[in-house]
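Just so we're on the same page: letters track the sequence lines, and every chain starts at 1.
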Amino acid sequence: MSEKQQTALSPKRDQDFPEWYQQVVRAADLAENSEVRGCMVIKPWGYALWERMQGVLDGMFKATGHRNAYFPLFIPLSYLEKEAAHVEGFAKECAVVTHHRLESKDGKLVPAGVLSEPLVVRPTSETIIGAAYARWVKSWRDLPILLNQWANVVRWEMRPRVFLRTAEFLWQEGHTAHETQEEAEEETMKMLRVYETFARDYLAVPVLTGEKSEGERFPGAVKTYCIEAMVQDRKAIQAGTSHFLGQNFSKASGIQYQSREGKLEHAWTTSWGVSTRLIGTLIMMHSDDDGLVVPPRIASTHVVIVPITPKEESRAAVLEAVNHLASSLRAINFHGIPIGVELDARDLGGGIKNWEWIKKGVPIRIEIGPRDLAQGTAAMARRDRGPKEKEFVPVDGIPGTIAGILDEIQEGLLLRATKFRETHTRKIDSLEEFKKFFTPQNREKPEIHGGFALAHWNGSKEVEDQVKDELKVTIRCIPFEDSPEPGVCLFTGEPSRQRVVWAKSY
RNA sequence: CGGGGCGUAGCUUAGCUUGGUAGAGCGCCUGGUUUGGGACCAGGAGGUCGGAGGUUCGAAUCCUCUCGCCCCGACCA
């Protein structure tokens, strides 16, 4: 190669963000588009991220009193029809199973055996879980029901993008039923807080929390709350949602109980979920022009050790040293799990291996070679620093300092992400400025622009729709405010209770 | 589903306008020299040019149909 690349990836983030995103996914070997339209193959390195997310979230769900269960993948068509707004919201993106057999015809297999009632591949499970709850609930003593399901769902999206929007994706969906409205609302908020905490403390993703506007509400919900993040192209991404469903679904499904007073009442339900979209969020939040950056607390591999063995005579000694270091690191606990150590003894050049691990986003890379052996040192490099910055440290000291360094990287990522969001969040009080904020200089090939605009709004869906049409900007959330600042709507001049968050979004 | 673009080796692609039976770079394999930051030399494997049909002595190239992908809209976690 005549000229070394400055960065591992091309294009860089600021040149072509969507393409850069694809490149990160590919360079880190996270996933690939499958032969099935809109569906992805999640490869081991990507799935490891999901497994960690599952592990942590599952623990948090259990700690808040939830248990796991599993419901059918297929939902009878008639179930979906039960809740009017729900049908409306999902009808256009359903995969439908209409046959149950294949027959050979002219050497080709053709569907046969028409089902008496078509089955919808679940786009979400409110209706089928609601039907189960209706069977299970008789008395107020049967409540609350606090269940979660880890599953896949299918939504036949028009324009898929790996991890961000795929026809099939993995998620968890919590479904709870309660005796009172207050209790259900409390549950909705509690799980929103779980998501917020998880995003911040594990993914190093700072999120805004708030309520969705009517236009962005989950089909069939009374209220939808969300965690909303700003990724590096300054667009918003909904990273998780928690819905207060009121009695809409319990009425549709017939979840009724006899109350303490002996009266027949409908239960109050909630649902909440996060999906593999979190992986996409993570990628767009932290990765750089050299590839993925995995926050230590969500990493399964925290450290990669690369033995440098230029001479045959010192190879055995180097390998022994790296093995020893690996096992002493694996014995250390980092926020509840053993430190994950990858030992890369493949017969490849050190540079190639290093770049590979950089692209995969491993937080810490350690090299040990013959010279280190003599001096009792190791070369340590961090993923949150430049690819060539390495520090020689005493090998014996590594086990004692590693957790601290991982924590430091984690904090640094969160801090950087938070600052980025703050830099690109603005209070806007004139329509002119609002439009300018969301209009790229270059119409042909829009540069990264905009961000979060905090602006007043009269609360009407019409205004929101109009802004969406004109600028592709929507209300991401109506933030929770202790002391909301009243003002006048930017678009109509009408009174506004508080500022809301506007942005372009994924 | 509307508008635009594109399908050639694992990836990026040249060739197509003017038909003559496919070439490169990267990656991969083997051997050697290397190895403390994306190595070098030599050799090698890999393509029924998305698919079907047509025109022609002859099609990656021209025509028809079809499938798929990408971008822009509408829809969305």
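Atom CD1 of Ile308(A) and atom C1' of rG36(B) are 6 Å apart (whole Å). rA77(B) atom P lies 12 Å from atom NE2 of His86(A), rounded to whole Å. One atom, CH2 of Trp156(A), and another, P of rC1(B), lie 13 Å apart when rounded to the nearest Å. Counting to the nearest Å, the P atom of rA74(B) and the NZ atom of Lys468(A) are 8 Å from each other. Asp29(A) places its CG atom 13 Å from the C1' atom of rC11(B), with the value rounded to the nearest Å. The distance between atom CG of Asn354(A) and atom P of rG36(B), rounded to the nearest whole Å, is 10 Å. Atom pair Leu348(A):CG and rU34(B):P shows a separation of 18 Å (rounding to whole Å applied). Separating the CZ atom of Arg165(A) from the C1' atom of rA77(B) is a distance of 8 Å, rounded to the nearest angstrom.
Base-pair partner of rA39(B): rU33(B) (Watson-Crick or G-U wobble, both distances under 3.5 Å). Under the Watson-Crick or G-U wobble criterion, with both distances below 3.5 Å, rU13(B) is paired with rG23(B). rU64(B) is paired with rA52(B) under the criterion used here, namely a Watson-Crick or G-U wobble arrangement in which both key atom distances are under 3.5 Å.
Between His243(A) and Phe218(A), the angle of the ring planes stays under 30°, which puts this pair in the parallel group of the 30/60° scheme. Between Phe198(A) and Tyr202(A), the angle of the ring planes stays under 30°, which puts this pair in the parallel group of the 30/60° scheme.
Side chain Lys353(A) to base rG37(B): no donor-acceptor pair is found below 3.5 Å. Between the base of rG36(B) and the side chain of Asp372(A) there is a donor-acceptor pair shorter than 3.5 Å.
Distances were taken from every side-chain heavy atom of Phe169(A) (C-beta onward) to each of rG73(B), rA77(B), rC75(B); the shortest belongs to rA77(B). Among rG73(B), rA39(B), rC76(B), the nucleotide with an atom closest to any side-chain atom of Ile352(A) is rA39(B). The side chain of Thr166(A) has rA77(B) as its nearest neighbour among rG36(B), rC76(B), rA77(B). Proximity note for Trp355(A) (side chain, C-beta onward) versus rA77(B), rG37(B), rC76(B): the nearest is rG37(B). Among the nucleotides rC75(B), rU35(B), rG38(B), the one closest to the side chain of Pro310(A) is rU35(B). Nearest nucleotide to the Lys390(A) side chain, out of rA39(B), rG37(B), rG36(B): rG37(B). For Arg26(A), the side-chain atoms get nearest to rC11(B) when compared with the rest of rG37(B), rG36(B), rC11(B).
Checking Thr309(A) against Asn33(A), the closest nucleotide of RNA chain B that is more toward the 5' end is the one next to Thr309(A). Residue Lys359(A) is the one, among Lys359(A) and Arg161(A), whose nearest nucleotide of RNA chain B lies closer to the 5' end (criterion: closest heavy atom).
The structure places CG of Leu245(A) at 7.5 Å from OG1 of Thr188(A), a figure rounded to the nearest 0.5 Å.
Among the protein residues, Leu164(A) comes within range of the nucleic acid bases, having at least one heavy atom under 4.0 Å from a base atom.
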